[in-house]
Amino acid sequence: MGKDTYYLTTPIYYVNDVPHIGHAYTTVAADVLARWRRLNGDRVHFLTGTDEHGQKVARAAEERGMTPQQHCDDILPRWKEMLGLLHISNDDFIRTTEDRHEARVQEFMQRLYDQGDLYKSTYVGPYCVRCEGYYAEAELLEGELCPIHRQPVERLEQENWFFRLSKYAPALLDLYDAHPGFVQPDVRRNEVRAFVEAGLEDISATRTEFSWGVPCPWDDGHIFYVWFDALLNYITAAGYGADEEAFSRRWPADVHLIGKDILRFHAVYWPAMLIAAGVEVPHQVYAHGFLLVGGEKMGKSNATGIRPSELVEHFGIDCYRYYFLREISFGQDGTFSWESMEERYTTDLANDLGNLVNRVLNMVGSYRDGVVPAPTGAAGDAEAQLSRDRETALAGLAAFDRLAFKKGLEDLWQLVGGVNRYVEARQPWALNKQGADDDLDRVLYECVDALRVIAVLTSPVMPDMAQSLWAKLGLDEALEDQRLPEAGEPGGLVPGVRTERGQVLFPKLEE
RNA sequence: GGCGGCGUAGCUCAGGGGUUAGAGCACUCGGCUCAUAAUCGAGUUGUCGGUGGUUCGAAUCCACCCGCCGCUACCA
């Protein structure tokens with residue numbers, strides 16, 4: 001069995017973090033991409049999960065008087081709640097503390113060890129005695145101080161197993177050059193390439209100063225460095241070493257969606273590990289930008305200031321999902337603000353889309369008792385223009401495959417605006433007064449048929465709204481059974497269906 | 001310091017050697033009245049960061065300068 005599945009992943013989230021709009025951003029984008037591929041008929045496997053090992057987790061657990069496992073189990077629901085809140089359609093959820101993961105990690109690392117890619121050496125790093133742990137240089141405060149105790153750290157040596165990363169630098173450079181799409185966007189690829197070209201050092205792959213991790217099978221007292229453990233989730237969850245058939249259908253992953261802060265691990269360490277083990281590398285690592293809040297980088301301090309649940313409560317889940325993808329170019333940093341979210345809600349969703357649905361269904365209701373008529377009147381210039389707008393939307397949405405969500409949504413709104421313009425051009429209220437029944441039938445049919453297409457095309461981004469809209473149209477088939485390109489073609493609507501005006505979509509926000 | 005990127009309308013941004021520089025939002029005027037005072041049309045605003053250069057011609061290429069940002073390894 002060869003690969004036949006579109007496999008995409010989010011990072012696995014560190015349990016100690018509190019879910020904030022940054023995590024939600026990556027996850028929603030991945031979900032939209034997953035739903036988009038399903039809409040196009042792909043078999044999709046969408047993975048997310050939690051990263052549960054490491055010293056910080058062990059410390060946090062200790063402070064709470066729990067075992068690390070208890071601590072993780074206790075916090076896990078927060079992350080699962082986020083997925084529920086955002087209506088994420090992941091097919092699997094991996095925890096790095098699961099047996100299916102740990103056993104495969106050990107096998108993978110054993111393989112690297114057996115073939116000589118791991119060797120014992122001495123790691124020297126800044127160590128805080130009171131923390132009983134090492135820090136990254138970047139974490140230290142001014143003057144080599146421990147960030148917690150504000151006391152000088154000392155250089156301490158530790159015997160570790162090192163991964164021969166340097167050996168794979170040429171292979172990595174070949175990879176970046178042969179597959180420019182491996183790291184995206186281009187800026188990020190350039191960074192990664194420059195980093196590797198400057199020369200790689202081998203990296204330590206095990207730790208001994210604490211024990212909360214996957215045990216090293218050939219050397220008691222060593223556990224694997226959490227990044228080796230964490231990155232491997234992408235293959236352990238896909239069936240590596242356990243279900244070779246499933247694995248071969250999914251791997252290599254089509255895309256790992258990540259934030260740019262973890263680019264190096266995904267674009268350097270990860271492919272090097274895979275190349276070493278003789279496993280194919282993923283097709284793409286896509287690093288999106290940061291969300292800025294009030295002009296500042298999202299950090300631990302202001303991250304908790306805006307909770308996804310707060311925004312979902314105020315704007316609704318559909319607007320939440322729509323806003324971040326429409327407002328910000330996915331590969332670049334972008335600014336979140338309450339005001340811009342209100343603006344998107346009001347202009348794009350309430351005025352353009354919600355009102356369009358309402359005005360169309362109201363006319364079908366008053367002129368034809370809610371029943372969609374057959375398009376009897378002749379089609380002319382207005383219909384041709386509407387058709388072009390539909391083409392624009394369909395062609396434009398393909399931008400989603402490049403993770404250019406903003407561009408795709410812009411083009412999709414060309415159709416929303418197009419239907420509004422079409423209504424203005426044909427003035428169904430005038431046709432009704434004149435008793436031009438055939439023409440009116442044509443217009444109403446075209447409008448509802450376009451709404452049908454809009455429901456289909458918006459469904460990856462706003463699945464709830466799309467479902468409500470679909471229900472209003474009274475169609476027999478299920479929305480989730482719709483597939484492109486057929487469902488995007490004109491005339492797919494069967495005359496005679498009974499529409500229901502119902503509740504307005506995206507009612508105006510309260511002041 | 002090195003490498004890379006950015007600086008275009010009030011705001012967010014697109015474009016990228018060639019006729020009068022674009023989009024959305026905001027704003028102004030007009031039309032319509034089916035609709036969530038929604039919608040549709042028309043219109044206003046720019047020394048395209050600065051200086052110099054290449055060119056018949058530069059916002060678009062080059063150099064330098066100013067301002068901002070990213071990467072420059074073992075927290076995740």
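Letters A, B, ... are given to chains in the order of the sequence lines, protein chains preceding strands, and every chain is numbered from 1. The shown structure was predicted, so the numbers you read here are calculated from the model rather than taken from an experiment.
Within residues 182-197 of chain A, the residues having any heavy atom under 4.0 Å from RNA chain B are, by residue number, A/Arg188, A/Glu191, A/Phe195. Near-neighbour residues of RNA chain B inside residues 348-360 of chain A, defined by a heavy atom below 4.0 Å, number-ordered: A/Ala350, A/Asn351, A/Asp352, A/Gly354, A/Asn355, A/Asn358, A/Arg359.
Taking the centre and axis of the six-membered ring of A/Tyr14, the NZ or CZ atom of A/Lys56 falls outside the cone set by 45° and 6.0 Å. Taking the ring axis of A/Tyr225 as reference, the NZ or CZ atom of A/Arg207 stays within 45° of it and closer than 6.0 Å to the ring centre. The cationic group of A/Lys120 does not satisfy the cation-pi geometry with A/Phe162, failing either the under 6.0 Å distance to the six-membered ring centre or the 45° limit from the ring axis.
You'll find that the side chain of A/Asn420 is closest to B/rC40, out of B/rC40, B/rC75, B/rC74. Nearest nucleotide to the side chain of A/Arg421, out of B/rG70, B/rA76, B/rG41: B/rG41. Side chain of A/Tyr14, nearest nucleotide from B/rC32, B/rC74, B/rA76: B/rA76. Side-chain atoms of A/Val423 lie closest to B/rC34 of the nucleotides B/rC75, B/rC34, B/rC74.
No donor-acceptor pair under 3.5 Å is formed between the side chain of A/Thr50 and the backbone N or O of A/Ile12. Judged purely by atom type and a 3.5 angstrom limit, A/Arg321 uses its side chain to pair as donor or acceptor with the backbone of A/Val461. No donor-acceptor distance shorter than 3.5 angstrom exists from the side chain of A/Asp439 to the backbone of A/Gly377, with no hydrogens or angles considered.
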**Message:** Apply ring pair (Phe, Tyr, Trp, His ring centres under 6.0 Å) to residues A/Trp161 and A/Tyr113 and explain how you reach the verdict.
**Reply:** CA-CA 9 Å; A/Trp161 288 94; A/Tyr113 172 70; 5.3 Å; yes

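Across the protein-nucleic acid pair, A/Asp229 atom CG and B/rA76 atom C1' stand 12 Å apart, rounded to whole Å. Counting to the nearest Å, the P atom of B/rC75 and the OH atom of A/Tyr135 are 11 Å from each other. As a whole-Å value, the separation of A/Gln427 CD from B/rA35 P is 14 Å. The NE2 atom of A/His266 sits 16 Å away from the P atom of B/rC71 (whole-angstrom rounding). One atom, CG of A/Leu263, and another, P of B/rG4, lie 18 Å apart when rounded to the nearest Å. In this structure, A/His53 places its NE2 atom 18 Å from P of B/rC75, rounding to the nearest Å. When rounded to the nearest whole Å, the span between CE of A/Met273 and P of B/rC74 equals 18 Å. The distance from atom CD of A/Glu342 to atom P of B/rG24 is 22 Å, rounded to the nearest whole Å.
Separating the C1' atom of B/rG10 from that of B/rU45 is a span of 8 Å, rounded to the nearest Å. Rounded to whole Å, the C1' atom of B/rU47 lies 45 Å from the corresponding atom of B/rU33. Between the C1' atoms of B/rU8 and B/rA58, the separation comes to 14 Å (whole Å). As rounded to the nearest Å, B/rC32 and B/rA42 have C1' atoms that lie 15 Å from one another. Comparing the same atom, C1', in B/rC25 and in B/rU44 gives a spacing of 15 Å after rounding to whole Å. Comparing B/rU54 with B/rC64, their C1' atoms are spaced 15 Å from each other, to the whole Å. Of the P atoms belonging to B/rG57 and B/rU19, the separation is 14 Å, rounded to the nearest Å. Taking atom C1' on both nucleotides, B/rA76 is separated from B/rA23 by 40 Å, rounded to a whole Å.
Between A/Arg59 and A/Glu63 no salt bridge is recorded (no basic side-chain N to carboxylate O distance below 4.0 Å). Between A/Arg193 and A/Asp177, at least one side-chain N (NZ, or NE/NH1/NH2) sits under 4.0 Å from a carboxylate O, which counts as a salt bridge. Ion pairing of A/Arg344 with A/Glu327 is present here, as a side-chain N (NZ or NE/NH1/NH2) and a carboxylate O approach within less than 4.0 Å. Checked for salt-bridge contact, A/Arg188 and A/Glu191 meet the test: a charged N lies under 4.0 Å from a carboxylate O. With respect to A/Arg426 and A/Glu446, no salt bridge is recorded, no charged nitrogen being found less than 4.0 Å from a carboxylate O.
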Can you check nucleotides 12-15 of chain B for protein contacts, nitrogen or oxygen pairs under 3.5 Å, and list what you find?
unit_1	atom_1	unit_2	atom_2	d
B/rA14	OP1	A/Gln332	OE1	3.2

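When both pairing distances are held under 3.5 Å, B/rU45 makes no Watson-Crick or G-U pair with any nucleotide shown. Pairing of B/rC11, defined by two Watson-Crick or G-U wobble distances under 3.5 Å, is identified with B/rG24. The partner of B/rG30 is B/rC40, judged by Watson-Crick or G-U wobble contacts that both fall below 3.5 Å. In a base pair of the Watson-Crick type (N1 to N3 plus N6-O4 or O6-N4) or a G-U wobble (N1-O2 and O6-N3), with each distance short of 3.5 Å, B/rG1 is matched with B/rU72. Nucleotide B/rC6 is matched to B/rG67 when pairs are restricted to Watson-Crick or G-U wobble geometry with both distances under 3.5 angstrom.
Annotation: of the two residues near RNA chain B, A/Phe210 and A/Glu424, the 5′-most nearest-nucleotide partner is A/Glu424. Residue order along RNA chain B, read from the 5' end via each residue's closest nucleotide, puts A/Lys433 first among A/Lys433 and A/Tyr134.
Contact annotation for A/Trp227: base contact, defined as any heavy-atom pair under 4.0 Å involving a base atom. Base contact: A/Gly199 has a heavy atom under 4.0 Å from a base atom. Contacts of A/Glu343 with the nucleic acid, taken as non-hydrogen atoms under 4.0 Å apart, involve only primed sugar atoms and P, OP1 or OP2. Note on A/Val226: only backbone sugar-phosphate atoms sit closer than 4.0 angstrom, heavy atoms only; bases stay farther off. At the heavy-atom level, A/Leu361 lies nowhere under 4.0 Å from the strands shown.
For the OP1/OP2 pair of B/rC75 and a distance below 4.0 Å, the side-chain nitrogens and oxygens of A/Tyr225 include no atom meeting the criterion. Between A/Asn362 and the phosphate of B/rC34, there is no side-chain N or O to OP1/OP2 separation shorter than 4.0 Å.
Side-chain atoms of A/Ser204 come within donor-acceptor range of the base of B/rC74, with a qualifying N/O pair under 3.5 Å. If you check distances only, the side chain of A/Glu410 never reaches the base of B/rG24 with a donor-acceptor pair under 3.5 Å.
Taking the six-membered ring where the residue is Trp, A/Tyr322 and A/Trp413 present tilted rings, their angle falling between 30° and 60°.
Crowding of A/Glu62 atom CD: a count of heavy atoms from other residues, nucleotides or ligands under 6.0 Å not exceeding 12. No more than 12 heavy atoms of other residues, nucleotides or ligands sit less than 6.0 Å from atom CD of A/Glu500.
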